[in-house]
Amino acid sequence: MAKTKSKVIKDFPAYEEFINKKVIIETIDGKIKIGVLKHIEKFEFVIDTNIYTKEEPVKGYMLFMKHAVKSIRQTPEDTTVKQSKGE
Amino acid sequence: MRRPSKPFKPDYDKIKYDKRNIYKKSLSSTNSIWEYFERSYCLIYLKNGDVKRGYLHKIFPASVHIGIIDENLQVLENIEIEKQDIVSVQHDVELTKQKIYLGQLRSYKKRVQAMKKRKKHHKRNQSPNNSKNNE
């Protein structure tokens with residue numbers, strides 16, 4: 001695992017910070033998906049999300065093509081703390 | 001362990017598909033991510049807003065071959081989609097569920113047939129005695 005990771009980081013330094021973190025992905029169609037970024041390849045990457053309905057969630061992987069992605073944003077990790085502060 | 005002689009009809013509502021590990025395998029073993037989606041039922045979202053649903057046959061460097069499927073999961077026609085036109089790919093949970101269901105149904109029918117055969121033989125063996133009694 002360590003070897004593959006280092007390769008990925010060398011080739012795509014911009015994605016390094018997002019690995020194993022919860023991200024929001026916006027595509028060309030305007031659709032938004034939230035999940036954990038798992039794996040990066042040259043032209044595509046995989047996130048770990050719910051691939052079924054909200055009532056019946058099924059965890060699985062979803063593949064995105066890099067050329068079809070508008071943006072990747074990382075979600076703030078400790079949202080609960082911020083909310084409590086605001087209150 | 002002896003198997004129960006009488007086949008039971010499976011209760012499809014109670015089967016927990018989430019526990020089966022089809023939708024999630026470890027990615028560490030695969031060389032490319034596409035391998036993980038190969039030979040499985042997929043939903044492919046295209047740039048023009050279309051959604052292609054079917055069985056992903058094979059993956060080429062620049063394109064993807066999928067077979068479009070009818071209700072009984074049989075391939076009607078094969079289509080080639082270029083990777084340039086694809087936005088995202090995900091496993092089709094419903095079709096995978098249906099495949100499991102059909103497999104279970106087939107095994108159930110086999111069991112029922114086997115039981116019928118067993119009953120026939122049983123009757124044949126018993127029949128001479130019965131016929132004598134009737135006469």
Side-chain angles (χ1 to χ4, degrees), chain A residues 1-12 15-16 18-73, chain B residues 12-53 56 59-64 66 81-100:
Chain A
M1 272 302 283
K3 278 183 184 175
T4 55
K5 255 192 182 176
S6 64
K7 247 188 190 177
V8 165
I9 289 164
K10 268 181 195 170
D11 294 349
F12 318 107
Y15 282 86
E16 183 190 348
F18 294 106
I19 289 175
N20 283 330
K21 276 174 186 164
K22 213 174 181 183
V23 289
I24 302 172
I25 290 163
E26 200 181 344
T27 54
I28 298 174
D29 332 345
K31 282 174 188 167
I32 288 169
K33 196 83 187 174
I34 300 169
V36 180
L37 186 70
K38 279 288 168 193
H39 198 106
I40 300 161
E41 292 276 316
K42 206 172 183 182
F43 298 112
E44 63 269 294
F45 58 86
V46 153
I47 59 163
D48 180 6
T49 51
N50 170 28
I51 53 169
Y52 205 42
T53 55
K54 271 188 181 178
E55 292 87 44
E56 236 184 295
V58 173
K59 277 252 168 180
Y61 292 122
M62 203 168 166
L63 183 148
F64 281 91
M65 305 301 287
K66 273 185 187 170
H67 56 69
V69 169
K70 246 189 194 173
S71 69
I72 300 182
R73 287 173 284 152
Chain B
Y12 298 112
D13 300 332
K14 281 186 182 174
I15 298 167
K16 285 184 181 172
Y17 295 97
D18 311 4
K19 283 195 174 178
R20 291 162 187 273
N21 224 5
I22 345 163
Y23 310 110
K24 212 172 173 185
K25 297 176 204 161
S26 67
L27 287 169
S28 56
S29 58
T30 55
N31 290 326
S32 96
I33 321 171
W34 282 101
E35 267 177 43
Y36 168 56
F37 289 94
E38 202 171 6
R39 267 175 266 122
S40 64
Y41 297 100
C42 286
L43 280 169
I44 297 175
Y45 295 89
L46 299 182
K47 271 185 187 174
N48 55 359
D50 286 354
V51 183
K52 296 280 180 191
R53 194 177 194 189
L56 224 163
I59 286 139
F60 294 100
S63 62
V64 163
I66 68 162
I81 299 174
E82 289 201 9
K83 280 185 184 172
Q84 278 192 343
D85 303 332
I86 297 172
V87 172
S88 64
V89 182
Q90 75 175 63
H91 281 287
D92 196 334
V93 179
E94 277 179 22
L95 285 183
T96 323
K97 275 184 180 183
Q98 207 185 348
K99 195 196 167 195
I100 296 167

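Sequence lines set the chain letters: A, B, ... in the order given, protein chains first and strands last, and positions in each chain run from 1. Hydrogens, waters and symmetry mates are skipped; everything else that's a heavy atom, side chains included, is used.
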Undergrad: Side-chain contact, heavy-atom cut-off 4.5 Å: B/Ser88 with A/Met62?
TA: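 Touching, per the 4.5 Å side-chain cut-off.
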Undergrad: Without swapping roles, check the side chain of B/Gln90 against the backbone of A/Ile51 for a donor-acceptor pair under 3.5 Å.
TA: yes
Undergrad: Can you check whether B/Ser32's main-chain N or O pairs, donor with acceptor, with A/His39's side chain at less than 3.5 Å?
TA: no
Undergrad: Tell me, side chain or backbone of A/Phe43 under 4.5 Å from chain B's heavy atoms, or both, or neither?
TA: neither
Undergrad: Answer yes or no: is there a side-chain heavy-atom contact under 4.5 Å between B/Glu94 and A/Tyr52?
TA: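 Touching, per the 4.5 Å side-chain cut-off.
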Undergrad: Around B/Arg53, counting heavy atoms of other residues, nucleotides and ligands shown, do more than 12 lie under 6.0 Å from its CZ?
TA: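 Yes, the 6.0 Å shell around CZ holds more than 12 heavy atoms from other groups.
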Undergrad: Quick one: are B/Tyr45 and A/Lys31 in side-chain contact, heavy atoms under 4.5 Å?
TA: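 Yes, close enough: below the 4.5 Å cut-off.
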Undergrad: Working to the nearest 0.5 angstrom, can you tell me the gap between B/Ile33 CD1 and A/Phe64 CZ?
TA: 11.5 Å
Undergrad: Does B/Lys99 have more than 12 heavy atoms from other residues, nucleotides or ligands lying within 6.0 Å of its NZ?
TA: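 Not more than 12 within 6.0 Å, no.
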Undergrad: Measure distances from A/Lys38 to the heavy atoms of chain B and classify the residue's part below 4.5 Å as side chain, backbone, both or neither.
TA: side chain
Undergrad: Testing the basics here: between B/Gln84 and A/His67, what is the closest heavy-atom pair and its distance to 0.1 Å?
TA: O-CE1, 3.1 Å
Undergrad: Looking at B/Lys47, I'd like to know if its NZ atom is crowded, meaning that more than 12 non-hydrogen atoms belonging to other residues, nucleotides or ligands lie closer than 6.0 Å.
TA: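 Counting neighbours around NZ of B/Lys47, more than 12 heavy atoms of other residues, nucleotides or ligands fall under 6.0 Å, so yes.
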Undergrad: Which pair of heavy atoms, one from B/Phe37 and one from A/Leu63, lies closest together, and at what distance?
TA: CE1-CB, 3.7 Å
Undergrad: Is B/Leu46 close to chain A through its backbone or its side chain, or both, or neither, when contacts mean heavy atoms under 4.5 Å?
TA: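 For B/Leu46, the contact with chain A is made by the backbone alone.
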Undergrad: For a side-chain hydrogen bond (donor to acceptor under 3.5 Å, both in side chains) check, start with the C-alpha distance between B/Trp34 and A/Glu44, then their side-chain angles and the critical distance, and finish with the verdict.
TA: CA-CA 9 Å; B/Trp34 282 101; A/Glu44 63 269 294; 2.6 Å; yes
